[in-house]
Amino acid sequence: MVPAEVPDAEAEPDGLEDRLRRFVTIWSRAIFPATATSLTRPEFEQHLLPLARSLRDALHDRIFDATPAHGVGAALVGAHCTDPDALARSLGVVDAYLVLYCGEAADPAGELAADELRARCARLQATFAAGFAQALRERTLAEQEAIARSALAARGAAEDALHATEARFRAVFEGAAIGIGIADLDGRVLEVNDTLTRMFGGLEHHVRSRNVSEWVHPDDAPQVWRMYKELIRGERDNFRTEKPFFRNDGTVLWTNLTVSLLRDVDGVPQYQLALLEDTTERRLLTLRLRYEATHDALTGLPNRTLFFERLEKALAPARETPKDAARETPKDEANSGTKEAGPVPAPRPAARFGLCYLDLDGFKAINDSLGHSAGDRMLVEVADRLQSCATAPGEMVARLGGDEFVALTTGPDTQREVGELAARILGALATPISLDGREFTVRGSIGIVEGKAGESTAAEVLRSADITMYRAKSAGGNRFEHADAEADARAITRHGLTTSLPAALERGEFFIEYQPLVHLADGTVHGAEALVRWSHPTHGVLSPDRFIPLAEHTGLIVPLGRWVLEQSVLQARAWQEELAAGTFAGPVRINVNLSPAQLHHPGLVADTVEVLERIGLPPGSLCLEVTESALIGADEDLLKPLRQLAEMGVDIALDDFGTGYSNLANLRRLPVSVLKLDRSFTQGMQQHPADPVDLKIVEGIVSLAHGLELGVTVEGVETGAQAEHLRRLGCDTAQGWYYARPGPPEMLHTLSMADAV
């Protein structure tokens with residue numbers, strides 16, 4: 001029988017719905033705490049309300065049927081009230097409150113007795129429990145089935161994933177371009193891939209039969225096996241290094257090796273995994289490139305780069321190792337008597353080095369005459385001979401470039417060995433070299449530097465050797481010289497002066513001093529010689545002999561000489577103006593020195609004329625002094641500018657006459673008007689009686705000069721006796737400290753005014 005439809009709340013008698021809701025409220029309070037639902041308490045009560053109506057209607061149906069209670073129990077499970085406590089509480093609420101709130105009040109006609117209602121309520125509880133239990137069982141079975149299906153699906157997926165992973169691992173393992181090997185912790189090789197097998201020669205059983213500890217190589221880095229033991233003990237997870245192996249055929253395999261430790265899920269070490277990248281060809285290429293970068297392409301000798309590496313290593317100060325320190329026994333301990341004292345070790349000899357810096361003499365002439373190809377063949381032959389000279393331990397030969405070579409020796413006795421090495425080198429070069437059917441004798445200049453390690457840098461040693469080599473070359477070549485600290489200092493100073501010369505002229509560091517020229521006949525001032533000085537900011541005032549040769553070497557002598565000429569002509573013009581004004585009694589002539597480089601400069605005549613005309617000094621007031629050595633063997637091209645100046649009225653003086661060993665007959669062809677006699681001829685006249693030989697020589701020179709209508713000036717006059725002898729011999733003018741030292745132009749005012757008085 002289907003229960004009658006429950007009318008709406010408005011159609012029910014007053015109070016019936018309220019009583020039903022009170023029942024629902026009691027029910028929800030009883031089971032809500034045991035319900036795993038996302039509904040709120042009010043929402044849960046609304047969910048229980050139709051279930052309560054079903055129970056009420058079943059309780060009062062005319063023909064009783066407990067089936068709706070079965071559905072209420074199942075609906076409770078559907079509302080996630082699956083806790084057994086929820087069933088017990090629900091049955092308790094139905095038993096205690098269903099008849100109370102939904103019994104007699106719902107049956108006002110009294111058709112059902114109270115006992116009948118209690119009986120029906122009991123049967124509803126039983127059916128309610130049965131429905132709850134059946135629904136819970138079905139739910140549990142459904143969940144178990146879902147779990148089983150999920151487990152089966154997960155297992156299948158895991159197996160598929162494992163299979164895919166194993167397939168990928170196998171593909172990577174077999175197809176990897178690097179060698180892969182797996183071994184246990186005892187070093188037994190368990191598995192290797194084909195790449196690793198090919199790297200070791202292609203025989204897998206030769207690789208599998210080996211133990212990792214057998215792969216020791218003499219070139220192993222010291223830390224390789226230490227790191228390996230740490231990995232096996234689990235103290236490190238991996239390490240990477242470069243390691244060589246012996247192949248099956250005995251050749252060497254170079255690899256980049258990475259070894260990793262494989263652990264189980266609990267972190268316990270299980271296996272070791274090795275990855276090997278074959279770097280043999282790369283290493284050979286690197287070694288080849290290294291060789292080419294450190295060796296001379298022509299001779300095959302070590303080049304500058306490798307030589308400096310060896311030299312810096314030889315110069316590094318020796319460091320005492322802990323082992324050396326442990327061998328030393330303190331004096332107190334040795335004499336304490338606690339044990340027999342052993343012999344005190346002899347002190348180790350200090351590390352020393354010896355360096356020979358060789359430069360071939362006249363090699364440029366070989367290149368210029370026979371060509372660079374022949375010059376290269378000569379360099380190859382020289383290199384072979386040098387290499388045969390340095391065969392002892394600690395010796396090496398290198399080519400720095402061009403025709404410059406170095407030989408290095410190290411050891412405790414280099415003071416003796418380096419000289420012997422230099423002698424062997426010169427002896428090896430003495431045998432002529434045959435080139436294109438001609439024999440050439442090779443000569444060389446060697447600079448030797450020897451000393452203790454740790455006292456100098458490589459650059460300092462090579463600079464000293466270079467300086468010493470040039471000193472040997474200046475002494476005639478084909479010899480060796482030992483380094484000298486004072487000579488090195490002078491050379492370094494010369495170099496510093498050379499590099500600072502151009503800036504010195506721009507900064508105005510040069511100035512001119514004037515030394516008077518005096519008439520020997522009456523002692524009056526005839527003129528003055530301009531002498532340039534350098535006011536160096538570090539070395540003080542420098543005389544011309546300190547920097548004029550450097551200026552000639554660098555080419556700065558031309559602008560410097562032009563500056564001296566201009567300043568001197570300006571001063572001479574100022575003296576002439578003072579002479580015209582009556583404030584100065586002389587001199588009006590100025591002597592300016594010309595260097596050999598200025599004589600060869602094409603602008604000499606034009607520059608001189610331009611200066612004279614611009615300043616307004618007559619050519620006859622200028623005398624240019626040229627050293628005799630500069631005119632020895634001079635051709636007409638060199639004499640032409642001097643002739644042009646002489647024709648203009650400029651006097652030309654032959655300076656340092658008598659030191660150049662020139663033919664006296666050449667005086668007739670030289671455009672000179674004055675001979676300046678060198679001081680060496682007059683030193684014997686400084687006291688009475690004078691050296692008769694000097695008197696005869698000077699007398700002859702004066703007679704010859706006057707016969708050629710040349711004036712004679714003597715320099716270096718230091719005493720009155722010397723001046724008197726020269727006056728009697730007929731010399732025209734003189735200069736020297738007897739009259740005045742070089743000084744500022746104002747000094748000549750004093751001398752000229754004294755002469756006037």
Side-chain angles (χ1 to χ4, degrees), residues 308 311-312 315 355 357 359 447-452 454-475 481-515 528-568 570-571 591-598 601 625 627 655-656 715-716 735-737 740-748:
F308 263 93
L311 180 59
E312 288 175 350
L315 295 178
L355 175 67
Y357 193 113
D359 184 85
I448 295 177
V449 177
E450 193 278 335
K452 293 181 180 179
E455 294 183 347
S456 304
T457 65
E460 291 171 345
V461 169
L462 202 63
R463 180 179 62 183
S464 179
D466 190 21
I467 293 172
T468 307
M469 179 272 294
Y470 277 106
R471 186 151 49 85
K473 192 178 288 289
S474 300
E481 294 282 349
H482 289 269
D484 178 73
E486 294 183 359
D488 287 357
R490 290 193 297 270
I492 293 172
T493 300
R494 286 196 301 272
H495 177 73
L497 294 177
T498 302
T499 56
S500 59
L501 264 172
L505 184 58
E506 295 176 1
R507 290 193 296 261
E509 294 178 2
F510 293 99
F511 67 97
I512 298 175
E513 289 186 333
Y514 299 90
Q515 186 172 36
E529 180 180 1
L531 300 172
V532 64
R533 304 286 190 261
W534 183 2
S535 180
H536 194 278
T538 303
H539 301 287
V541 177
L542 303 179
S543 57
D545 61 315
R546 294 285 303 276
F547 61 87
I548 290 298
L550 305 180
E552 291 179 339
H553 179 71
T554 59
L556 189 68
I557 190 64
V558 173
L560 178 60
R562 193 180 191 282
W563 179 84
V564 172
L565 175 66
E566 183 174 3
Q567 297 301 312
S568 302
L570 281 170
Q571 184 58 55
N591 285 29
V592 178
N593 291 280
L594 285 182
S595 73
Q598 289 177 276
H601 191 264
E625 297 186 8
T627 59
D655 197 10
D656 297 333
E715 53 187 359
Q735 65 185 101
W737 287 7
R741 294 173 180 254
E746 295 81 10
M747 178 192 68
L748 272 74

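Because the structure is predicted, anything quoted here is derived from the model rather than measured. The analysis underlying the following values was restricted to heavy atoms, covering all of them including side chains, and did not include hydrogens, waters or symmetry mates.
Of the candidates Leu560, Leu556, Ile557, Leu560 is the only one forming a side-chain contact (heavy atoms from CB on, under 4.5 Å) with Phe547.
The shortest non-hydrogen separation linking Phe308 to Ala459 is CE2-N, 4.3 Å. When all heavy atoms of Pro742 and Met747 are compared, the closest pair comes out as C-CE, 4.5 Å. Scanning all heavy atoms of the two residues, the minimum distance from Ala740 to Gln515 falls at O-NE2, 3.2 Å. Nearest approach of Ser568 to Ala530, heavy atoms of both residues: OG-CB, 3.1 Å. The shortest heavy-atom contact between Arg533 and Leu531 is NH1-CB, 3.3 Å. Between Ser456 and Leu315, the shortest heavy-atom distance links the atoms O-CD1, 3.7 Å.
We find the CG-CD distance between Leu501 and Glu509 to be 9.5 Å, quoted to the nearest 0.5 Å. Atom CG in Leu462 sits 9.5 Å away from atom CE in Met469 (nearest 0.5 Å). Expressed to the nearest 0.5 Å, how far CZ of Arg507 lies from OG of Ser500 amounts to 7.0 Å. In this structure, the separation between CD on Gln571 and CD1 on Ile512 is 8.5 Å, given to the nearest 0.5 Å. Residue Arg741 holds its CZ atom at 11.0 Å from CD of Glu513, rounded to the nearest 0.5 Å. The structure places CG of Leu565 at 8.0 Å from CZ of Arg562, a figure rounded to the nearest 0.5 Å.
Put simply, the side chain of Glu746 does not reach to within 4.5 Å of the side chain of Tyr514, judged on heavy atoms.
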* **Derivation and outcome, side chain to side chain contact (heavy atoms under 4.5 Å, CB included), residues Asp656 and Glu715** => CA-CA 9 Å; Asp656 297 333; Glu715 53 187 359; 3.0 Å; yes
* To do: Just do the side chain to side chain contact (heavy atoms under 4.5 Å, CB included) check on Phe510 and Val564 with the steps written out, would you?
  => CA-CA 9 Å; Phe510 293 99; Val564 172; over 6 Å; no
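With sequence neighbours excluded, no residue forms a side chain to side chain donor-acceptor pair (under 3.5 Å) with Arg471.
Residues Asn593 and Gln598 bring no donor and acceptor atom of their side chains to less than 3.5 Å of each other.
Between the side chain of Glu566 and the main chain of Trp563, no donor-acceptor pair closer than 3.5 Å is present. When atom types are taken as modelled, the side chain of Thr468 and the backbone of Ser464 share a donor-acceptor pair closer than 3.5 angstrom.
In His539, the NE2 atom is crowded: over 12 heavy atoms of neighbouring residues, nucleotides or ligands sit closer than 6.0 Å.
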